Amino acid sequence: MADAVVSLTIDGTSVAVQPGATVLDAVNQLGLPLPQLCKDPDRPALGACRTCLVKVEGMRGFPASCHLPARDGMIVSTNDPELVRIRRGVLDLTCGMATPAFDRPGFGQLSDACARLGFFQRRHMPWRHVPVDDTKSFFILDRDACILCGRCTVACDDVQQIGAIALLGRSNSTKVGVFGDDSLASSVCTSCGQCVAACPTGAIRPKEAPSPFMREVETTCPYCGVGCGIRLRVRADGRLALMADDVPTNRSSLGMLCVKGRFGTGFVHAADRIIHPMVRRDGRWHQVSWDEALDTAADGLARHRGRFGALASAKATNEEGYIVQKFVRAVMGTNNIDHCARLCHSPSVVAMLRSLGSGATSNSYDDYEEAGCLMVVGSDPSSNHPVIAVRLRRAVSRGARLIVINPKRIELCDQADLWLRQRPGTDVTLFNAMARVIVDEGLANLEFVRHRTEGLEAWRESLEPYTLQFAEQVTGVPQEQIAQAARWYARPAFAGSCLMWGMGITQHTNGTANVHALVNLSLVAGQMGFPGSGISPLRGQNNVQGCCDAGCLPAHLPGYQGYSPETLNAFEAVWGIRPPDNAGMALTDMIEACLDGSIRAMYMVGENPLLTEPDLHHATRALSNLDCLVVQELFLHETAELAHVFLPTAAFAEKEGTFTNSERRVQRVRKALDPPGEARPDWWITSELARRIADKLGLPGAGFHYTHSAEIFDEMARLVPFLGGISHERLDREGGIQWPCPTSDHPGTRFLFAESFPIGKAKFVPVAQTAEAAELPDHDYPFLLNTGRILYHWHGGTLTRRVQGLLELAPRLEVAINPEDARRLGIEEGTPIRLISRRGELIGFAQPTDAVRPGEIFIPFVKLAESGANILTNSAFDPFAKIPEYKVCAIRIERVGA
Ligand SMILES: Nc1nc2c(c(=O)[nH]1)N[C@H]1C(S)=C(S)[C@@H](COP(=O)(O)OP(=O)(O)OC[C@H]3O[C@@H](n4cnc5c(=O)[nH]c(N)nc54)[C@H](O)[C@@H]3O)O[C@H]1N2
Ligand SMILES: Nc1nc2c(c(=O)[nH]1)N[C@H]1C(S)=C(S)[C@@H](COP(=O)(O)OP(=O)(O)OC[C@H]3O[C@@H](n4cnc5c(=O)[nH]c(N)nc54)[C@H](O)[C@@H]3O)O[C@H]1N2
Ligand code: SF4
Ligand code: SF4
Ligand SMILES: [Mo]
């Protein structure tokens, strides 16, 4: 409020507000109880409900304060007797249309306002009873309590750009409803709950009443890399309320959430959460003390120092990732440290580090909204980055062109100007051909290419074979579409072009080549380094960006620093121990090393490879071979069942720290609850383990004596230049900050590469189309299997299967199959079918849809039956990034019982 210049008096109290504020803003700043039924705090005023009326000296009548600009020297009253009489009349009429949900404590501004004015008696309206729509799992629509203020429809339409609900009918018969007056469940509603948060009466309200809550804690969503701000509410009984609220001031999410962030945090209270340390002896789990568990783990791991590997967790905080890698390097003497980024964006990191010197998203979500062209490749944001999808929809409604490149029809195709539907595994050809169009048609940004890049000539020669004709043959995409996409991308209608990609690019045996092809394209078009442009490998887990930054990678120390003598010196100076100087094993290599015995002990923090690794029979054989497996987790999941020691950890809502999201924004994670039972934060557990092993082996201690995660952040910020200016204290004061932020007075960085690249000039790297995939359909296994995700589940489902409402929204494994194939095989909607690959089989339920082409099948890899998709997939991997080919393998299909 530093430069507030407008001051006014309300009910005798003076208040200062920013220019542009309304009188209602000033009233709210003073915390006065003025009803404002149709005003969503995050939205412009609708001025529909006429309840926020005020009296202003020298002004006639009683204006609605939500529409009234605050002016210097105004004298305002909210409780003038005549005014109160009129407001009562308005509320009386309003109540005449609705039965406020009085019985929902903590809910309903209308009921609060009525209670203040003594309207309790109007509880039931015998003349009006509309059945409640309870077809969605988390909330209901109870039209008896609706005052037709329209806030929910604005939330659905204008904010989330979904348009599931509208005000239907006219005058007397107007009501909130869905298209065709059907149930909510039949609509396109995604259960994001923006309407629930907006409704002032409780007409749309959560099924589970929030009950009086004791406090609210602002933190960061634990699910995806968008990194939305959420407000957790802690109820009187010490549990989280079912519904979390959004944080309007969060600069990444701008007050939006999806279903998982809003309603999906209940897994922390799951009945089967493990809250005591355990040791497995004679095939049975025994609950033991922390001392015994830690000593047993320390013994087992110390015994195999040198034949040891660790996985960190992209679900845990930056501080916890940093501590795990420090333990592995300083105490276990190895760089065998990795995490799920290997299975995810490792090709992006490998290719971008080589070409540009930075593996991170170059731009910000704000750039997506400013861009003139958006190209979304091998990524399904509506289900996997839902709040980014909102921003893309908003950009389209402002006139940006949207190009979707995906073999599967995804929701965004409905908004797209152009959808290229290539054959899986042919992306190199597609992007090389687009690049050739840009070069041949003179669309290249020569200025950028000349000053900022090198290697153009050799690369240009390598494009020779990729004519449009050749590309059409290989990819199946019509030539004209390839050329059109290239032209739009290189020359957007306004501002710049944003290129974003996901697992459809990376999870292939040619994943690194795919990313190079994309980066080359953006270089030749010069589409980075200015507002509305840039390249984004959309990050998956809530903290996978942070886990990479913190050094949980085998080839890099924290901050992507290599093992040069100078860097090792710097780490030795802080740690007191020199990290080893040779690159360690990647996750996928470690799995193989378990089989050949070169790894005998593993420490696994917050990952579940026995659902998420490819070819699960193979992975199970590997991990069963270990002499010591220590798992640090919330749940006794598939991998933990094989462990020797289980260390129960605190979940995101039970600890302090930071996550870093997909736009490089470091954000605070705050403690709302005490960890249950004996669970402890990951950083505490790893530090204890480190100290015990160092003692046991007589190694120097390396300083694992932390009392708060802020101290760990400070140590990391000392060693990682791009985090140097960030601290918990600063984040608490200013909100999230985007790295690079080298000094404490640096504001953070919205986009990278404005002037230069970390390696000086960016490199064009020629890449050629290789085999489309390691295993393609053949006579025996005629279908191509594509695996991925759905909105309502998280990976194998370890978290989301424990949230009842999410499970209700997606209770069984649906197998997307083209209707033509279904007809030929005599399969109908819901028919149980068996999917069989060379490695395993599982049963799902057919869902005929033209989202997939004939010959292609799509399933999410969540385990909703006896197994998950990875029982089928192939462990063949990309030679550079070591990422498995999750997106392509061959299967055959049988009707169950046939
Ligand atoms: N609801 C939900 N959200 C999530 C997750 C979750 O489990 N559930 N997981 C998070 C994580 S860790 C990640 S990494 C992200 C992943 O987010 P996305 O990258 O969007 O994930 P996927 O659904 O695996 O795959 C994306 C798309 O790749 C397409 N594809 C398949 N083969 C090809 C190909 O050869 N070429 C091209 N161009 N496309 C192809 C598929 O059709 C699919 O639509 O999501 C994050 N968000
Ligand atoms: N077929 C197929 N397989 C895939 C993919 C695909 O597209 N297709 N995608 C791959 C990708 S991109 C990814 S990222 C991987 C994901 O693979 P994983 O990382 O193995 O999957 P998650 O289920 O997210 O595992 C996270 C675990 O962390 C635990 N956890 C949550 N919070 C905390 C915490 O604070 N501390 C600790 N210690 N643990 C915590 C959860 O209980 C959960 O078990 O899957 C990969 N597997
Ligand atoms: S359901 Fe709630 S938000 Fe929607 S129109 Fe009715 S009262 Fe307003
Ligand atoms: S978009 Fe991602 S970060 Fe945002 S609420 Fe949904 S799961 Fe959480
Ligand atoms: Mo991922």
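Remember, it's 1-based here, ligands and their atoms both numbered in the order they're listed. Since the model is a prediction, treat every value here as computed from it, not as a measurement.
- Among all protein heavy atoms, the one lying closest to atom 8 (Fe) of ligand 3 is Cys149 SG, 2.3 Å.
- Of the candidates Cys258, Gly193, Cys224, it is Cys258 that places a heavy atom closest to atom 5 (S) of ligand 4.
- The shortest contact between atom 1 (S) of ligand 4 and any protein heavy atom is with Pro386 CD, 3.5 Å.
- Look at Cys199 and atom 8 (Fe) of ligand 3: no N/O/S atom of the residue is under 2.8 Å from the metal.
- Between Tyr223 and Phe267, the ring planes lie perpendicular to each other; the angle is over 60°, past the 30° to 60° tilted range.
- Given atom 6 (Fe) of ligand 3, the protein heavy atom at minimum distance is Cys146 SG, 2.4 Å.
- In the vicinity of Val387, heavy-atom distances shorter than 4.0 Å reach the ligand 4 atoms 1 (S).
- Taking every heavy atom of Tyr223 and a limit of under 4.0 angstrom, the matching atoms of ligand 4 come to 7 (S).
- Atom numbering of ligand 4 starts at 1 in the shown order; those under 4.0 Å from a heavy atom of Gly261 are 5 (S).
- Of all atoms in ligand 4, numbered sequentially from 1 with element shown, those under 4.0 Å from a heavy atom of Gly227 are 3 (S).
- Taking atom 4 (Fe) of ligand 4 as the reference point, the nearest protein heavy-atom neighbour is Cys228 SG, 2.3 Å.
- The aromatic rings of Trp501 and His345 stand perpendicular to each other, their planes meeting at an angle above 60°, with 30° marking the opposite boundary.
- For atom 4 (Fe) of ligand 4, the N/O/S atoms of His385 include none lying under 2.8 Å.
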